[in-house]
2 protein chains.
Amino acid sequence: MEGDPALRLRVFDLNCWAIRYLSKRRQERIQLIGDMLRQEDFDLVLLQEVWSERDYSDLKVKLRGCYPFSHYFRSGVIGSGLCVFSRFPILDTLLYQYSLNGYPYMLQHGDWFCGKSVGLVIIKISGIESASLLPCSHQLHAEYCREKDAYLPHRLVQAWELAQFIRHTSKAADVVLLGGDLNMHPEDVGIQLLRGWTGLRDAFAEATHFEGCEDGCTLVPNNCFTDKSELLPFPLGIRIDYILYKAISRFMVKCEELKTTTGTAPGTDVPFSDHEAVMATLHIQKQGQAGGATLTTAEPMLADVVTEARTEVGVGLRAAQQQCSSSGRMALLALLLLLLQAMAALGALAGLDAGQPFPKLSFCLLAFLAIGILLLATGLHLFHTMEVKMLQSTEEQMWMVLRTLQEHP
Amino acid sequence: MEGDPALRLRVFDLNCWAIRYLSKRRQERIQLIGDMLRQEDFDLVLLQEVWSERDYSDLKVKLRGCYPFSHYFRSGVIGSGLCVFSRFPILDTLLYQYSLNGYPYMLQHGDWFCGKSVGLVIIKISGIESASLLPCSHQLHAEYCREKDAYLPHRLVQAWELAQFIRHTSKAADVVLLGGDLNMHPEDVGIQLLRGWTGLRDAFAEATHFEGCEDGCTLVPNNCFTDKSELLPFPLGIRIDYILYKAISRFMVKCEELKTTTGTAPGTDVPFSDHEAVMATLHIQKQGQAGGATLTTAEPMLADVVTEARTEVGVGLRAAQQQCSSSGRMALLALLLLLLQAMAALGALAGLDAGQPFPKLSFCLLAFLAIGILLLATGLHLFHTMEVKMLQSTEEQMWMVLRTLQEHP
């Protein structure tokens, strides 16, 4: 370690809750976030839920001086909401859109329309030789009801895809950073899976010094924008925003300090967002020997986690298969009805039953209803077919990993 | 190079054209392909357009003895059609689905339903130290009309995403292999982009010894399954199936031999597919110094290629923006018509114009028509909004690369 350059990297992560027309006091909060970022002078800023490109452009203009490099990830109908600001040059970017992300017909949740993704940014920091950083700012599908969580299989598929994406894209990096709203509690199987399968460490658990909301919570009842009823079972709040990290090659990373914001922005009565921000100070240093043995110690536990995740994915798979076949049956019935109507209409035209003509209006209404149901059911059937394929694929991949873990314990 | 182990790797690539109910003599050809693969004993087999999972399972059972490891990539409604058979253990897999892939309403082309993707397989070969191979078996959007190619921007986005995916996932690999039907001629901008931006080399151009169809063509008029009228401007046929490769770290790869099939399978009157298969023998050897300087020599040309690709993507972007706004306008008009009808119906109910009652049937028909147009136009608008976002994102990324190329010539 003699004389090797060391780096202190300050990372900021926040789910900004900046949905146009829906989020309260959005523009004011974006202003406040920009002001604070300009004052604080972080090295790397990972923002989520910046759904409006104009908000991003405003931030970009404001932060040009202290964060000259930035990237906005576009995806889905509304956008991914992800953006990164950096003091160091961004060399390259890549977006990976999760294969499953809720249902298009669940309009009230809207996750499907966001095209939720993980964004990869490669940053080279002079001072440390070839230290490529891969901060993935991202967000997984929201949890709307913890007791009866219909989206759990989708979130697990996303956690798995995220882990696989990190593993495959970070092999040549020196340091990997992942910051974002994972919509999962620290003890949830999805987080265990992500951490176990990538070897990423939780900055909150590893920090030498911590300051902020109790238990590192990032969704707290004190925040005036949070839904109090949702947090009733958790009087302290919940921790769903994370900064995770690992060193891969000749580097060593330690989390020196972790902070969260606690309530309103300084000098105002408004918090930055409905989430609290997470801020980590990481100490990165070159070391003699190559690291990377993080996985081995956790492997016996990892097998249990993968097994549990696979079971949940299996539950989702059976539900999707059921929806797939019931929508298929519905489409067939509608088609049958249409065929019957077509036969009746042809019969009427040929004068076979001219004595008892159909009431034209009801006949037309019934035909339109049948066409509507046919189109809807076919759409649903196609959608659930894709869902089944992706769940099967994840289940299979997990099984492959389990087999490998069992063969090489 | 003294005493370092060398490896001779035999790779097979074929677009199998195995679409259930549509492809001629499908089962017979799958049988023939299986028999030939069992006899020939390749190391790595990359197959495309195996759309039926049953065909894959049949092949898997048949090839269990000589290719004990295999993987089938699931995606989209129909599947990705990609599968890999290998003599060496498959350690890990990853599927990346292209963000753009044609239009769901172009039912006659059907590309959108296939969920076209690139599949990554990591293979470790004993004998050569940590030689990870990344064969990506994949296929890009088909070209239906070369003169007026409406899918060119989508294919370029796919070529770009493929190149980015390869760059990001192959950093730690020793050897990268890409085999598949790229639906592009060797001189097309998409191929130049892919090769220039990844540094992959074309086995046909590099092979010491070649045997097969003239000019390495893989879609030839002699094949009884090809559409002769499409190949009229190309009397020899076209070359759209490739095996590309590069060595990244301490390895060196040479293509010793490249072959294509030429017509019918031995002892029968039926070819294996409408495409010819490509077979490469690669010689992989450890070398003293690290390679990887493939990009630098081609960079001035690369800037031209990226500029050309970006122009084409820009053309696609403007078309998508136009479709986006016209579908939006159409949706608005349909909504307006519905509102007018609702007002008229309310007026009629309130007895305001009881003297001139609407003909109920036409009224209902008109309402259903308006609802139909509203739904369709909204769907189209959402789809084209996503398309615009992805085209913008690719254009931006290409611009970033151009800037980097200009700054560091």
Side-chain angles (χ1 to χ4, degrees), chain A residues 71-80 89-97 99 104 113 115 117 120 122 132 134 161 164-165 167-173 248-249 360-361 363-365 367-369 371-372 375-376 379 381-383 385-386 388-394 396-397 400-401 404, chain B residues 71-80 89-97 99 104 113 115 117 120 122 132 134 161 164-165 167-173 248-249 360-361 363-365 367-369 371-372 375-376 379 381-383 385-386 388-394 396-397 400-401 404:
Chain A
H71 188 78
Y72 186 79
F73 290 98
R74 290 189 180 89
S75 85
V77 179
I78 312 173
S80 72
I90 293 175
L91 296 188
D92 210 346
T93 63
L94 185 68
L95 188 79
Y96 182 93
Q97 208 167 324
S99 61
F113 292 92
S117 322
L120 165 72
I122 294 189
S132 307
L134 299 150
E161 287 181 351
Q164 285 286 79
F165 180 76
R167 279 165 53 87
H168 284 285
T169 53
S170 65
K171 280 180 182 155
I248 294 197
S249 52
K360 272 186 186 167
L361 182 65
F363 192 83
C364 277
L365 282 179
F368 275 112
L369 193 73
I371 292 175
L375 288 178
L376 202 75
H381 182 69
L382 292 180
F383 178 83
T385 306
M386 287 196 260
V388 164
K389 277 201 193 300
M390 297 326 296
L391 287 164
Q392 273 177 336
S393 164
T394 308
E396 205 180 82
Q397 279 181 50
M400 221 166 98
V401 168
T404 314
Chain B
H71 188 77
Y72 186 78
F73 290 97
R74 289 189 182 90
S75 86
V77 178
I78 310 172
S80 71
I90 293 175
L91 296 188
D92 209 345
T93 64
L94 185 68
L95 188 79
Y96 182 91
Q97 209 167 324
S99 62
F113 292 92
S117 323
L120 164 72
I122 293 189
S132 307
L134 299 151
E161 287 181 353
Q164 285 287 78
F165 180 77
R167 278 164 54 85
H168 283 286
T169 53
S170 66
K171 280 181 182 155
I248 293 199
S249 53
K360 272 187 188 168
L361 182 64
F363 192 83
C364 277
L365 283 179
F368 274 112
L369 193 72
I371 292 176
L375 289 178
L376 202 75
H381 181 69
L382 292 180
F383 178 81
T385 307
M386 287 196 263
V388 165
K389 275 197 195 302
M390 296 328 294
L391 287 165
Q392 274 177 336
S393 163
T394 307
E396 204 180 82
Q397 280 180 51
M400 220 164 97
V401 168
T404 314

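The sequence lines fix the lettering, A, B, ..., with proteins before strands; numbering per chain opens at 1. Note that these values count all heavy atoms, side chains included, but never hydrogens, waters or copies made by symmetry.
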**Prompt:** Checking heavy atoms, do the side chain of Gln392(B), its backbone, both or neither come under 4.5 Å from chain A?
**Reply:** both
**Residue selection (most heavy-atom pairs with chain A, distance under 4.5 Å) from Val401(B), Thr93(B), Ile371(B)** = Thr93(B)
**Message:** Ignoring hydrogens, what is the shortest heavy-atom contact between Arg74(A) and Glu396(B)? Give both atom names and the distance.
**Reply:** NH1-OE2, 2.9 Å
**Prompt:** What heavy-atom pair brings Gln164(A) and Asp92(B) nearest, and what distance separates the two atoms?
**Reply:** NE2-OD1, 3.1 Å
**Asked** Within the side chain of Glu161(B), is there an N or O that forms a donor-acceptor pair under 3.5 Å with the backbone of Leu95(A)?
**Response** no
**Request:** Heavy atoms only, distances under 4.5 angstrom: which of Leu94(A), Thr385(A), Ile90(A) has the most pairs with chain B? Name it, please.
**Result:** Leu94(A)
**Request:** To the nearest 0.5 Å, tell me how far Gln97(B) CD sits from Met386(A) CE.
**Result:** 8.0 Å
**Asked** Which value, rounded to the nearest 0.5 Å, describes the distance between Arg167(A) atom CZ and Thr169(B) atom OG1?
**Response** 13.5 Å
**Complete:** Honestly, the part of His71(B) sitting under 4.5 Å from a heavy atom of chain A is side chain
